[in-house]
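Here's the structure, in structure tokens; my notes come after.
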Amino acid sequence: MATSAKSTDISKTDFGKSPINARLSAEQKLKLLTDMVRIRCFENESVRQYSAGKMGGFLHVYNGQEAIATGCASLMGDDDHMITAYRNHGHALGVGMNMNECMAELFGKATGCSKGKGGSMHFFAPDKNYWGGHGIVGGQTPLGLGLAYALKYKGVKGAAMCFMGDGAVNQGCLYESLNMASLFNLPVIYIIENNGYSMGTSLERSSAFKSCLAERAAGFNMEWAQCAGTDIYEVRASVQVAMERAHNESRPTMLEIDTYRYYGHSTADAKHNVVGGYREREEIDFYKKNHDPINVFKAKLIAEGVLTEEQFDTLEEGIKAEAAQSAVFADESPYPEVSSITEDVYYEVDRQTEAGRTGKHFFND
Amino acid sequence: MALIEYRDALNQAFDEELARDENVVLMGEEVAQYDGAYKVTKGLWKKWGDKRVMDTPISEAAFIGMGIGASMLGIRPVMELMFWSFATVAWDQIINNAAQVRYMSGGLINCPIVIRGPANGGTNVGATHSHTHENFLANVPGLKVVCPATAYDAKGLMKTAIRDNDPVMFMENTLLYGEKWEVPEEEYLIPLGKADVKREGTDITLIAHGRAALTALRAAEILAAEHNISAEVIDLRSIRPLDEEAILASVRKTHRAVLIEENKPFCGVGAQISSILMEKCFDDLDAPVLRISSIDAPAIYSPELERKQLPRPLDIVAKVLSIC
Ligand SMILES: Cc1ncc(C[n+]2csc(CCOP(=O)(O)OP(=O)(O)O)c2C)c(N)n1
Ligand SMILES: [Mg+2]
């Protein structure tokens, strides 16, 4: 067993009883489960399609971490926003982007959410308060601060959730951002999705810390907390505390959520489950068996009498079909036109405003 | 028309745009209570208060990034870098976020931010404080780059930059902040991408931007007075978008060109322009296009030498005489 294996026991606290969860209808609970399964099935399909050679570049999948994006997205009101790193398919689906536009983006097609211009790491849906999808580790942390700043500037009661990995916490701009978040009383929630690894480097090999990573926020006089990311009820209950702090006090929070990724860092990571790799297969199996957010929640809903095994199977079959269909959609979609390469660079040029028609913006000829 | 300092012209632009649009905010180190390291934002905090004019910690990466994030939600931040040289610590935010977010979102997001401050050598502050990034930044599709040479241009271009819906990198010059030019009382805007013929001539075209445009003007005076050469001076004002038409029209008239910048030569702005002239004006040219940049080494401290590292009027005169 790798030394990095986290032994977070499934919590003894029943977070189903916390107010934010107790008020959920059966339908809403099923929606949470559905959303997690949608992420899982989408990612499985995308790995399949990647292996079939349908995409270029990297593919970082979210399997194992579904409770976090789903739980957080489920708490978003009209003025709450989300921004994350490159492992972003779960967040995208969580806020309501559809599988077709996401899969088509992976395929580099014109029907993709960014018209094939962003790729796997760069999904966006500003109409759903979803600001990406960012490929530079930690680079999104000042942007999340800016979203929170804008909310406060406009006087709306909202929060900006800014996600990062456990590797991203060692980027300097995060600490500049924490300082400013606290100094300026901004409603930002920094969420560390601690899956124990940054690529092939375990948490212990990358970060110096006392009790956990989020504790670093204490130095900025910022509230912080740590919770487990297995039980979506726990995620929701923990994030809700930070949400209320953002909404009611305009104060930031740093929240660390322990989780685990089943696949490698990306599809290019061959060392994640082999002998002599950076983690043992037993460790992966341990998490799949004991901490799988979908299995855990499914069991809870069955115990609550909200779901049956058969209903789950039907649900899952339907979602698998939806994911498979998205691959067909992506496959059949056209590639973008070559002429589109120079579109969406400048707002003013795209709109052919007077500014966009003045001077030479591109130097191709 | 009133004669006002370059810094005050910028100050007027900020004041007018703060009044015009409630989403405009000024941010940066020392811009509010201290009135700006170079007093460009003098009095604005007093007038507009904490919400509109805001001091930030010394955290260029985070405050530039914060401005970019806020602009994605519709705020129009005007961010001061105390020196453009310090942009290197915010480089990731500028290059990867401001410049790419529109493209990578397939046009769903835009970033109406202005990042501004002085970008110049010549003040004996050593290499770390003397960078001129206009060529680097103009190399990045998605960014716009502006380098005004006079108070009049600074004000008109700044007002346009603030209203522009794309990220504009606005490069000022500490050596010009205290210089005075005529600036009209009434409101005016100068479009980005429009060069200014600062002096008309018939024998040769001098193309420059920023303070180098003023150096070129002095060279043109000497050429006229002492060598009977009529030089036309084109001040690019904006690097990207670039006024290619003005460049071509002038060189087709004069048949000769010398390109001057305070930037370094390798892949400098002049390199791009000479490539354009080669492709589009080859048959019009009666002599090779020549370039003058600052001497290709880090900015030297020594006051006596730094003056010589940057292009001087007589350097331009000598280049011109070599082809006229
Ligand atoms: C600035 C920067 N450095 C390095 C990389 C390469 N890289 C991409 S992801 C990654 C690991 C990040 O791990 P973590 O933050 O824990 O996120 P996770 O992959 O676990 O979701 C690295 C080193 C990058 N994209 N950006
Ligand atoms: Mg990680």
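We name chains A, B, ... by the order of the sequence lines, and we start the count at 1 in each one.
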Quick one: what part of A:Leu147 sits under 4.5 Å from any heavy atom of chain B, side chain, backbone, both or neither?
both
If you count heavy-atom pairs under 4.5 Å between each of B:Ile64, B:Ile68, B:Leu143 and chain A, which one has the most?
B:Leu143
Under 4.5 Å from any heavy atom of chain B - which part of A:Phe123
neither
For chain A against chain B, give me the donor-acceptor pairs closer than 3.5 Å, one per line with atom names and distance.
residue: B:Glu22; atom: O; partner: A:Tyr153; partner atom: OH; Å: 2.6
residue: B:Lys51; atom: NZ; partner: A:Tyr153; partner atom: O; Å: 2.7
residue: B:Arg52; atom: NE; partner: A:Tyr153; partner atom: OH; Å: 3.0
residue: B:Ala61; atom: N; partner: A:Glu176; partner atom: OE1; Å: 3.4
residue: B:Ala62; atom: N; partner: A:Glu176; partner atom: OE1; Å: 2.9
residue: B:Leu73; atom: O; partner: A:Lys154; partner atom: NZ; Å: 2.3
residue: B:Gln93; atom: NE2; partner: A:Gly139; partner atom: O; Å: 3.0
residue: B:Asn97; atom: ND2; partner: A:Gly139; partner atom: O; Å: 3.1
residue: B:Arg102; atom: NE; partner: A:Asp350; partner atom: OD2; Å: 3.1
residue: B:Arg102; atom: NH2; partner: A:Asp350; partner atom: OD2; Å: 2.6
residue: B:Tyr103; atom: N; partner: A:Asp344; partner atom: O; Å: 3.2
residue: B:Tyr103; atom: OH; partner: A:Ile341; partner atom: O; Å: 2.7
residue: B:Met104; atom: O; partner: A:Ser114; partner atom: OG; Å: 2.6
residue: B:Gly106; atom: O; partner: A:Lys115; partner atom: NZ; Å: 3.0
residue: B:Gly142; atom: N; partner: A:Tyr346; partner atom: OH; Å: 3.2
residue: B:Leu143; atom: O; partner: A:Tyr346; partner atom: OH; Å: 2.6
residue: B:Asn165; atom: N; partner: A:Glu348; partner atom: OE2; Å: 2.8
residue: B:Asn165; atom: ND2; partner: A:Glu348; partner atom: OE2; Å: 3.0
residue: B:Asp166; atom: OD1; partner: A:Tyr347; partner atom: N; Å: 2.6
residue: B:Asp166; atom: OD2; partner: A:Tyr347; partner atom: N; Å: 3.3
residue: B:Asp166; atom: OD2; partner: A:Glu348; partner atom: N; Å: 3.2
residue: B:Arg240; atom: NE; partner: A:Tyr346; partner atom: OH; Å: 2.8
residue: B:Arg240; atom: NE; partner: A:His361; partner atom: O; Å: 3.1
residue: B:Arg240; atom: NH2; partner: A:His361; partner atom: O; Å: 2.8
residue: B:Leu242; atom: N; partner: A:Lys360; partner atom: O; Å: 2.9
residue: B:Leu242; atom: O; partner: A:Lys360; partner atom: N; Å: 2.6
residue: B:Glu244; atom: OE2; partner: A:Lys360; partner atom: NZ; Å: 3.2
residue: B:Lys280; atom: NZ; partner: A:Asp365; partner atom: O; Å: 3.2

Heavy-atom proximity to chain A below 4.5 Å, by part of B:Val145:
neither
Considering only heavy atoms and a distance below 4.5 Å, find which of B:Gly142, B:Gly193, B:Pro191 pairs most often with chain A.
B:Gly142
Using the test ring-ring contact (aromatic ring centres under 6.0 Å, His included), find all partners of B:Phe83 that sit at least two apart in sequence or belong to another chain.
B:Tyr38, B:Phe86, B:His129
What residues, two or more places apart in sequence or in another chain, satisfy side-chain contact (heavy atoms from CB on, under 4.5 Å) together with B:Ala208?
B:Ala212, B:Ala213, B:Ala216, B:Ile260
Rounded to the nearest 0.5 angstrom, the CZ-CE distance for A:Phe184 and B:Met66 is 5.5 Å
Using a cut-off of under 4.5 Å for heavy-atom pairs, which of A:Gly139, A:Ala355, A:Cys173 has the most such pairs with chain B?
A:Gly139
What part of A:Leu178 is in contact with chain B, defined as an atom under 4.5 angstrom from a non-hydrogen atom: side chain, backbone, both or neither?
neither
A:Leu143 CG to B:Ile109 CD1 distance, which is reported to the nearest 0.5 Å:
9.5 Å
Quick check on A:Leu183 against chain B: is it the side chain, the backbone, both or neither that has a heavy atom closer than 4.5 Å?
side chain
